[in-house]
Amino acid sequence: MAQQRRVQLSTQRPTSTVCVLGTELSLDVCGSAPKGAVSFHAQGTPGVRLWVVHEAQSVKLPSSVGRWPLAPSPELLLAMDGPSKDVGDEKVRISYFREAGAVPVGRALLYLTCVGEYGGTARNPKFLGFSPFPSRPLPAEVSLDADVNRSGAVSRTLLDKTTWTWGPEGHGAVLLVNCDRDDPGAERLDNEDCAVRSYNDLKDMSQLLLRTRGPHAIFAGHRLLLHVDFGDADKLGVFYGGNSAALEEFRHVLGGPKLAYTVRPGRHRHESVFYVEGRAFPDVGFSGLVSLHVTLLESPDKGLLETPIFTDTVVFRVAPWIMTPNTQQPLEVFVCSVDDNEGFVAAVGALAERAQCQLTVCPLPENRQDRWIQDEVEFGYVQAPHKTFPVVFDSPRDRGLKDFPVRSILGPDFGYVARQAPEGTSSLDSFGNLEVSPPVTVRGKEYPLGRILIGSSFPRLGGRRMAKAVRDFLVAQKVQAPVELFSDWLQVGHVDEFLSFVSAPDRKGFRLLLASPSACYQLLKEKQEEGFGEAAMFQGLDKVPKPTINEILANEELRKFNSYAQSCIDWNRDILKRSLGLAEPDIIDIPQLFQGDVASGAEAFFPGMV
């Protein structure tokens, strides 16, 4: 809502100004009073509403009081009923009188042109407990509108466009980071250039609608300026095609070094559609909120600066990157083909066919013998009311698969985001160390998108941690509040080495699977008592030792190390129960043993097992 604006009057010559529909003008009746004047009389044309605020009382004019004393300083407030058809088609006349004079000693004449805004009511005088103007919706005449009610289309609304709230009952417009590449021939992501290359590119953007209506001649002395705050300029881009729907007519008008754009309303066109894209995800120093403004500027005499007389604002939130849990229905499976895993690739392909999802095989020339695609990328998505598309998050590990996400995943409606680790990387920066739970409720607080899980050196000081840039990015997305687990006890240090989630038909709709050395020893002991003590492990595997159950149970060093591993997992078990709102029936212990030592870390005792 525009602030109340004060207007200076003159008894020497008529003055003129613009009044924005739904706002007030405060007329300076005392400042223009002739010498010796002690009272005034105000009169307006039919489209003007006048109130005198005198000694904390608000009186609508005309009233039974013909003249109002100039002391103590009264306030004359003005509002208008509707937009003007012509410039200066409404007016107010102020007549000044001496103590007992019947003839005015001076007159001030103010010509008014009304343009308007949508969605507000007249502003309350701040020293009163009520507004003298009736509270009612006002028609759209000069306003910025976006999809504030999140219906998928721009519409007029009474919701506050300058605030943003979360949740299904919340309101506020949403921007997508335009991080896909709709033109396969383009060299960069769509949010890294200043061009609209396809109509699909426009569909990734949010619409911003500028409505203007009023006498066309008013813009000869006034200017409409669309502008962005300096701190938000590198977070968004705004494109405008003018009257044309032709793709080649779209120009980058705001964002980056461009802080303002002059809008020239057409004589017969009252709506201008702008397309807005996000250029940066929420991160350290950026909450995700950005603001766009339109300001009506009054152009004074030549050589003087323009004066703002009205501003309308829309606040957008850049949609966060949202990670998907593995309990969701799979759509596409990625697997690497390397020298010795033909059987594995075939088995994954058979499973993908049974699940009726697409299989994408990364060939050897692209993976360069790096089979760990789970460590290189993590999949998520961005979502706004008008559009949703997947976004791959590229880890900073950058081994053999480092070029695969950009070369083979990034494309039309498949976005890309990455974070680098300038301080250097550790194995904890691989995305086997990044998981997300299914939706949970914790002590009454809902996490409808689950909570992200990452491994860390906690509680041991001086150990490895995930790169700060990655951790900061995940925290800044807000919607999947990360939980740090203790994974530095593992040689590789990934949380997916000891936990996973599977769907379930009851309770919370899933089960947490946790590796359990204790459950494994219990299972092996049962098999020993059943007479299988001499059964050899790892039958069918080449080039690995094949200890018997008896030998494993008799290995005290192995048992001692797995007791340590179990204590580390139990520590995480408690964190997971508290952070995800789990009870013991929500957890399934999976028999698993570990080997190694405390200095170098643990790895799975079973060859190749994660």
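Throughout, residue positions are numbered sequentially from 1 according to the sequence presented.
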query = Is the NZ or CZ atom of Arg559 both under 6.0 Å from the centre of the six-membered ring of Tyr521 and within 45° of that ring's axis?
reply =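 Positive - Arg559 is close enough to the ring of Tyr521 and near enough to its axis.
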
Within 45° of the axis and under 6.0 Å from the centre of the six-membered ring of Tyr447, does NZ or CZ of Lys445 qualify?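 Yes - Lys445 lies over the ring of Tyr447, closer than 6.0 Å to its centre and within 45° of its axis.
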
| request: Indicate the atoms forming the closest heavy-atom contact of Phe501 with Pro438, along with that distance. | output: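 For Phe501 versus Pro438, the nearest heavy atoms are CD2-CD, 3.5 Å.
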
Should the pair [X] and [Y] be assigned to parallel (<30°), tilted (30 to 60°) or perpendicular (>60°) ring geometry?
X      : Y      : value
Trp489 : Phe498 : tilted
Phe538 : Phe605 : tilted
Trp321 : Phe473 : tilted

Could you pull out all residues at least two apart from Phe561 that satisfy side chain to side chain contact (heavy atoms under 4.5 Å, CB included)?
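Side chain to side chain contact (heavy atoms under 4.5 Å, CB included) check on Phe561 returns Tyr564, Phe594, Ala602.
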
Side chains of Ser579 and Val442: closer than 4.5 Å at any heavy-atom pair?
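Ser579 vs Val442: side chains apart.
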
Pick from Leu513, Ile569, Leu576: which one makes a side chain to side chain contact (heavy atoms under 4.5 Å, CB included) with Leu499?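 Exactly one option meets the side chain to side chain contact (heavy atoms under 4.5 Å, CB included) with Leu499, and it is Leu576.
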
Requested in this report: Can you spot which of Val290, Leu254, Leu289 makes a side chain to side chain contact (heavy atoms under 4.5 Å, CB included) with Asp232?
Outcome: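 In the set Val290, Leu254, Leu289, the residue that makes a side chain to side chain contact (heavy atoms under 4.5 Å, CB included) with Asp232 is Val290.
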
[atom1]/[X] to [atom2]/[Y] distance, rounded to the nearest 0.5 angstrom?
X      : Y      : atom1 : atom2 : value
Asn326 : Glu435 : CG    : CD    : 6.5 Å
His171 : Thr163 : NE2   : OG1   : 3.0 Å
Asp204 : Asp413 : CG    : CG    : 5.5 Å

Between [Y] and [X], is there a salt bridge with N-O shorter than 4.0 Å?
X      : Y      : result
Arg181 : Glu187 : no
Glu169 : Arg150 : no
Arg465 : Asp488 : no

Subject >> Any donor-acceptor N/O pair, Gln374 side chain to Phe431 backbone, under 3.5 Å >> reply: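 Pair found, side chain donor or acceptor close to backbone of Phe431.
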
*asked:* Treating Asp370 as the side-chain partner and Gly400 as the backbone partner, does any N or O pair qualify as donor plus acceptor under 3.5 Å?
replied: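 Yes; judged by distance alone, with no hydrogens or angles, the pair exists.
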
Does the salt bridge (charged side-chain N to carboxylate O under 4.0 Å, His left out) test come out yes or no for Glu376 and Arg397, once each step is laid out?
CA-CA 7 Å; Glu376 182 64 34; Arg397 77 188 274 270; 3.0 Å; yes

